[in-house]
Each structure stands twice: as C-alpha cells, then as structure tokens.
Amino acid sequence: FPQSELTLGQALLSPTRTYTPLIKILQSSLAGKIKGYVHCTGGGQTKCLKFGKRLHYFKNNLFPLPPIFSYILETTGYSLRELYPVFNMGHRLEAFVAAEDVADVLGLAQSCGIDARLIGSCENSNQAENRLTITQNEKSYQFAENEICHLYNHLYIHSSLVHLRKSSNRKIKGGILRVVHDTHITL
C-alpha cells in the first residue's frame, strides 16, 4: 500500500510487538487489580463482547487509525462498522482495571515504551447479551454479542493477497470481566 514499502498482505502479516514483558510487570506491580486482558486478534475491536455477562462496553477514545487501516477503509468499500469486528484497528491489547488504577497502568506501559491511553469503560447492562458502542470521528457504532459471528463470517477483504475468514462461531463464555464500572485501557 502507498504508505509502506510492504504490500498490503505483508503489512497485515508482519510481526507485531509482544506485550508479555508489560503483562509480567502489571501482574507483579498490580497483583489482583487487573480484571482482565483481551488480545484483539480473531475478533478485532469487538472481541471484548465474548467476555463477561450482561456488560456494555464503551470505546470512545480510540487511537487514530493507523495508515494500513485507513488504506483498507478507502480502497475496499467496507465501512468502519464492517472492519471493527475483523481488525484490531491498531489496538492489540486491552486491559480492564478500576478507575483508580488507570494512572499506574499508563505509567507502567510508558516505562516499557508502549503508547497507552484510556479508551473507554464498561458497565453492567440490563440486556441479556453483551453490547459494545464504539465512537470514532463523532460517529457511533453499536454491536451486540450475537450479531458479531454473522458479520465476522461474511467480511472478506478483496485483495489478491489477503482473504480473511473465521471458520468457527465458537463463543467463549466466562467471568474474566465480572466487574462493574471498571475502566478500559488499550495498550
């Protein structure tokens, strides 16, 4: 793609940073205060919907789109709403912590040379399924847990090098995010 020496396929498949050193530091420095992590692959920005029960996630302070995702958006005809369930959009790891621990997490990320910011929050919901609202560029996108499998299975990026398809509708249920009004940080 134009902003890189790599092809689109090479850029999408290129190695990314590992967050293991930071996770080790967070686990030792903030033992018990990290409520959960989500690695945003295989579900992109909507992967959080697979965790917890009866939660509404709000992502309203995302990092700007990296050039690769802007390029995909501009050249494929797909909308942001269609890309969020497939791509991490530059956000690879999310940590869920209480509001009073945000500054500590941000400081530890910075000490590892990792840009991090508070991107939103999560709270209890009266809905039967998890919900997600992503707000970017003054536009909001709503997602529900059960609709994501449908979107994710039917989105293909039209490129001679890249065709993405999820082969399983398996849902992961569990209590990793059974917290109320916790803060959502992207690392």
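Small disclaimer: the values here were computed from a predicted structure and weren't measured.
Rounding to the nearest 0.5 angstrom, the gap separating the CG atom in D101 from the CG atom in L106 is 11.0 Å. Atom-to-atom distance recorded for R81:CZ and K139:NZ is 10.5 Å, nearest 0.5 angstrom. How far CG of L83 is from CZ of F69: 9.0 Å, rounded to the nearest 0.5 Å. Taken from CZ in F51 to CD in E145, the straight-line distance is 10.5 Å, to the nearest 0.5 Å. Here the CD1-CG distance, from I134 to L80, works out to 9.0 Å after rounding to the nearest 0.5 Å.
Counting heavy atoms from C-beta outward, L55 and F96 have side chains that stay 4.5 Å or more apart. Looking at heavy atoms from C-beta onward, Q45 lies in side-chain contact with L62 at the 4.5 angstrom threshold. Two residues are said to be in side-chain contact when any heavy atoms from C-beta on lie closer than 4.5 Å; V38 and L93 fail this criterion. The side-chain heavy atoms of K33 and V105, taken from C-beta on, include no pair separated by under 4.5 Å. Side chains of M89 and L65 form a contact here, defined as non-hydrogen atoms less than 4.5 Å apart. Side-chain contact check for E94 versus K59: some heavy-atom pair is nearer than 4.5 Å. Within the 4.5 Å cutoff, side-chain heavy atoms of L49 are placed close to those of F143. Side-chain contact between Y57 and T46 is absent, with no heavy-atom pair separated by less than 4.5 Å.
In this structure, Q110 places its CD atom where only 12 or fewer heavy-atom neighbours from other residues, nucleotides or ligands lie under 6.0 Å away.
Across C112 and L22, no two heavy atoms sit closer than the pair SG-CD1, 3.9 Å. Counting all heavy atoms, side chain and backbone alike, G90 lies closest to P66 at CA-CG, 3.7 Å. Closest of all the heavy-atom pairs between I68 and A11 is CD1-CB, 3.3 Å. Nearest heavy-atom pair, R92 versus N88, reported as atom, atom and distance to 0.1 Å: CG-ND2, 3.5 Å. Pairing each heavy atom of R117 with each of P64, the nearest pair is NH2-CD, 4.2 Å.
Among residues at least two apart or in separate chains, there is no ring pair (Phe, Tyr, Trp, His ring centres under 6.0 Å) pair with a member in residues 101-125.
Using a distance-only test at 3.5 Å, with no hydrogens or angles considered, a donor-acceptor pair links the side chain of N130 to the main chain of G52.
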Just do the side chain to side chain contact (heavy atoms under 4.5 Å, CB included) check on I72 and L12 with the steps written out, would you? CA-CA 10 Å; I72 291 170; L12 286 171; 4.1 Å; yes

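Judged as a side-chain contact (heavy atoms from CB on, under 4.5 Å), and not counting sequence neighbours, the contacts of T133 are H56, F58, T135, S140, Q142. With sequence neighbours excluded, the residues forming a side-chain contact (heavy atoms from CB on, under 4.5 Å) with P67 are F1, Q3, listed by chain and number. In this view, H39 satisfies the ring pair (Phe, Tyr, Trp, His ring centres under 6.0 Å) rule with no residue, not counting sequence neighbours. Q127 pairs by the side-chain contact (heavy atoms from CB on, under 4.5 Å) definition with S125, R131, not counting sequence neighbours. In terms of the side-chain hydrogen bond (donor to acceptor under 3.5 Å, both in side chains) criterion, residue partners of S79 (sequence neighbours excluded) are, by chain and number, E82. Looking at residues two or more places apart in sequence or on another chain, you find a side-chain contact (heavy atoms from CB on, under 4.5 Å) between T18 and T20, P21.
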Pair up each side-chain donor or acceptor in residues 23-32 with any protein partner under 3.5 Å, not counting sequence neighbours, and list the distances.
from : atom 1 : to  : atom 2 : distance (Å)
Q27  : OE1    : Y37 : OH     : 2.8
S28  : OG     : K24 : O      : 3.2
S28  : OG     : I25 : O      : 3.2
S29  : OG     : I25 : O      : 3.0

